[in-house]
Amino acid sequence: AGAVQSRVVLDAHPARRQILLTVHFRGGEATSGEIAGRFAHKWPTTTRHLRVLEQAGLLRQEQRGRTRIYRIDRERLTLVSEWLVWFGVR
């Protein structure tokens, strides 16, 4: 996934931006349960957003036992930011 696709993914739904903010403010990583606890919608909706963010390269996941840990991919976010600078967007 390229920087453009990553940006489009973020713009497509406010819940995805909220997921990234949640993970960021939890020190850059959060469990799936911590993320899901921030939303009123059902679990399948949350997992769909998490999957889209993973496919765009904005989140990475790691399995620890029965728990999934999600981490922000800061390199990808940097690429998105650098790409936006070309258009005067900050």
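Starting from 1, each residue takes its place in the sequence as its number. Everything quoted here is computed from the prediction, not taken from an experiment.
Residues satisfying the side chain to side chain contact (heavy atoms under 4.5 Å, CB included) criterion with Glu75, sequence neighbours excluded, are Asp73. In this view, Ala15 and His13, Phe39, His41, His49 satisfy the side chain to side chain contact (heavy atoms under 4.5 Å, CB included) rule, not counting sequence neighbours.
Going from atom OG1 of Thr22 over to atom CD of Gln18 covers 4.5 Å, rounded to the nearest 0.5 Å. In this structure, Thr45 OG1 and Leu50 CG are separated by 11.0 Å, a value rounded to the nearest 0.5 Å. Atom-to-atom distance recorded for Glu62:CD and Thr67:OG1 is 10.5 Å, nearest 0.5 angstrom. Atom CZ in Arg66 sits 11.0 Å away from atom OG in Ser32 (nearest 0.5 Å).
If you chain together ILVMFWY residues whose side-chain heavy atoms come under 4.5 Å of each other, Ile69 ends up in a group of its own.
Few gaps surround CZ on Arg74; more than 12 heavy atoms of other groups in view lie less than 6.0 Å from it.
Listed by first and then second residue, the salt bridge (Lys or Arg N to Asp or Glu O under 4.0 Å) pairs involving residues 22-32 are Arg26-Glu34, Glu29-Arg64, Glu29-Arg71 (not counting sequence neighbours). Within the structure, no pair that satisfies the salt bridge (Lys or Arg N to Asp or Glu O under 4.0 Å) test touches residues 38-50, not counting sequence neighbours.
Only one option out of Leu20, Val23, Thr47 pairs with Ile35 in a side-chain contact (heavy atoms from CB on, under 4.5 Å); it is Val23.
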